[in-house]
Structures are given as C-alpha cells and as structure tokens.
Amino acid sequence: MFETPTETAAATGAFPAVRPRRARRTAGLRRMARETRLSPDMLVLPLFGIDGEGREEPIDALPGHSRLSPDLLAARARRAHDAGIPAVLIFGVTDVKDAAASMASASDGPTQRAVAAAKEAAPELVVITDVCLCGFMDHGHCGVVVDDEVHNDLSLELLAQTAVSHAQAGADVVAPSDMMDGRVAALRAALDAEGHAQTAILSYAAKYASAFYGPFREAAGSAPGFGDRRGYQMDPANAREAVREMTLDVGEGADMVMVKPAATYLDVIRAGREAVDVPVAAYHVSGEYSMIKAAAERGWLDERAAAMETLTAMARAGADVIVTYHAEDVVRWLEETP
Ligand code: PBG
C-alpha cells in the first residue's frame, strides 16, 4: 500500500518522516507548541504582617521578603496589585502568644490589621488569610493542646472564630491550614451564622508534614515547642489519602483546595485536579523557594530558569492557582520574555 520507506514510516508514526524536533526548532515554533503557560492571573503572593508603623523586618531565610507593619504591607499589596497579581495571602505574626491563641482572632490582631490595610490600599485585590493557631499559641501547635495532644474538636471553635474575625476585617477568602478534621464545615457554619456567606474558603486540604516549611517557621515564629505536626499534617508517603482529604473538604463546602508543598507533590496536584471540580491551588512553600535562592546565590543554579521550570511544572500537573514567594519575579520575567 505504501510505496516508499518514508511513506510507510509516516503511516506508522516513525522516523524519518516523524521528527518531533521540527516543532522545537525556533522560539516562535516553541511558543506555538507550548502546552502550559504561566500567567500572572494564577499567582498569589504571601505577605507577613506585624504590628506598628514603618516597620520592616527582613526574613533571613526568605530573601526578598520581610515582616511588614500594616502601612508597609498595604504598600506592598498595592504594588503587587499594580503589577497584575490578583491575590495576596496574609499571615499575621506576633510575639503575644498564649494557650488560647487570643491574638489569632483579636479584632486588632496582626492579621486583621494587615487585611484592613491591604483592602483599603487595593480594594480589588483578592485578600486571602491563613487561618491557623500555631503562630499565636505559646506551644506553637496548630490547635488546642490537651495532655500533650492537639485536640481536634476543641480547636474547631477557635479556628472558626479566627476565620470570622478575618472576614470581619475584610478578607475575601479564608484559608485554613491547621489540618483539623471538620474545620471546613465548622468555618462555613460560623461564617454563615455571622453574615459572611460570601466569604470563600480555600482549604489547605492536602497539607503534608513537610521539612520544607523551615524558613516559614522562622518568618512566623511558629515552630512547635514540643513534638512535631505528624499527628495532624499528612504523611508524605500518601497520595490516595490526599484525594480523600480534598473530596471531604469539597463536601464540607470548600470553594478551592490546596496541595502543599507543591514541587515534590506534582502527582498529588494531578490527582486532585482529576478528582474535584473546584480550583486546585499549589503552594510553592518557603523551603522550595529558599533552595532555589540559596543555590542561585552560590552560582549553582540560574534563579529565573529554575523558578520558572518549577512553577511551570505545577501548572502542567494541573494547578489553577500558584502561591509563591516568587510571584513578583514571575510577573517581571513574563514581561521580559513572552
Ligand atoms: C501554618 C502554616 C505553615 C505554612 C503555611 N501555613 C507552617 C506549618 O504548617 O508549619 C508553611 C508555608 C511555607 O513554608 O511557605 N500552619
């Protein structure tokens, strides 16, 4: 039927008729053939809020990031908005810690003040808050501790109060990162009861007990005072369980779910994308960012290339939203070369 070897090869999809390199030959062809495109639309910039005025405390382990008082945080949020970044994720940081995480839900707490300032400076910016207790507890755990254990159901009440206080301050989205069972339902019920039915929930549904949060814990002063978080955060060995967590959270009313960390959990991002219909966010966490920064400082990696490759992999795996400390760099890099 086929006259020449080339015709036969073409029909069977083989070399020499078939040459995948043709579509890679020039930058223009590569642009056409690209399957995944990062866009500023996907990005969320994390910000750390503290009390005071005119205060900026650079975070050693997160080069380029600082703890900021509300006025400076608002300016940074405005700058991100002006650059085309649609959303920020705010973490309040404080030295005032106790066994009831009082500052987590205080109306003048660091998160609440940062939210109000950011919203005032950039009303259209989507303001997301991290809802957790670890940075506000004297023991540094994400929930209420009873007999050296993090008590699930007692923690829900405090988490719900915290989320409501964030909504009152003006947050568009609250993002529980504590990993207690039933927290999404508890937050949804409390938000609705307090008149915040429009406040969305982005659940850190598949959050692993990871070594890659190290720099963040320095930034937020939230390292546990005893033990670790393996009794509530997920075992890095498990992927089916992540799908279960995401499905449960969507059932409880989560509007979006998150996988965290991201670079070492691409299979989980993909599984989540296939299992749920809500947007899936990937959190490129502090340690993942700092590794690239540190290697680049030593001249061992090209920062831009390594970061863009890592973040593109998350989008390729199925992430709709990417939380990254590189957000402002990405916008600049995308502008420099389309
Ligand atoms: C709070 C929280 C953590 C991170 C986000 N929210 C730390 C932790 O769980 O110990 C980590 C973020 C990062 O590493 O960039 N529970």
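Start at 1 and go down the list; that is how both ligands and their atoms are numbered.
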Using a strict 4.0 Å cut-off to heavy atoms of S177, name the atoms of ligand 1 that fall inside it. 1 (C), 2 (C), 6 (N), 16 (N)

Tell me the contacting part of F91 for ligand 1: side chain, backbone, both, or neither, using a 4.0 Å heavy-atom threshold, strictly below. side chain

Atoms of ligand 1 less than 4.0 Å from R217 heavy atoms? 8 (C), 10 (O)

When you measure from the side chain of D71 to the backbone of G54, do you find a donor-acceptor pair of N or O atoms at a distance under 3.5 Å? yes

Can you confirm whether E57 is buried at CD, in the sense that more than 12 heavy atoms of other residues, nucleotides or ligands lie under 6.0 Å from that atom? yes

Should you measure from each heavy atom of Q233, which atoms of ligand 1 turn up under 4.0 Å away? 8 (C), 9 (O)

Between H326 and Y289, is the ring centroid distance below 6.0 Å? yes

More than 12 heavy atoms from other groups under 6.0 Å of CD on E274: yes

Looking at V285, which atoms of ligand 1 are within less than 4.0 Å of one of its heavy atoms? 13 (C), 14 (O), 15 (O)

Sub-3.5 Å N/O-N/O distance, S222 and ligand 1: no

Contacting atoms of ligand 1, where contact means under 4.0 angstrom from a heavy atom of K207: 1 (C), 2 (C), 3 (C), 6 (N), 8 (C), 9 (O), 16 (N)

If you count the non-hydrogen atoms of other residues, nucleotides and ligands that lie under 6.0 Å from CG in D82, is the total more than 12? yes

Ligand 1 contact on S286 by region, counting heavy-atom pairs under 4.0 Å: both

What's the separation between atom CE in M179 and atom OH in Y232, rounded to the nearest 0.5 Å? 11.0 Å

Any idea which protein heavy atom is nearest atom 12 (C) of ligand 1, and the distance to it? F216 CD1, 3.4 Å

Quick check for you: to the nearest 0.5 Å, what is the distance between L156 atom CG and H151 atom NE2? 9.5 Å

Pull out every atom of ligand 1 sitting under 4.0 Å from any heavy atom of Y283, numbered as shown with elements. 12 (C), 15 (O)

Find the distance between OG1 (T199) and CG (D192) and round it off to the nearest 0.5 Å. 8.5 Å

Within a distance under 4.0 Å of any heavy atom of C134, pick out the atoms of ligand 1 and give their elements. 1 (C), 16 (N)

How far is atom 5 (C) of ligand 1 from the closest protein heavy atom, and which atom is that? K260 NZ, 2.6 Å

Closest to atom 8 (C) of ligand 1 (judged by heavy-atom distance), picking from R229, M258, E288: R229

Aromatic ring proximity, centroids under 6.0 angstrom, Y213 and Y208: no

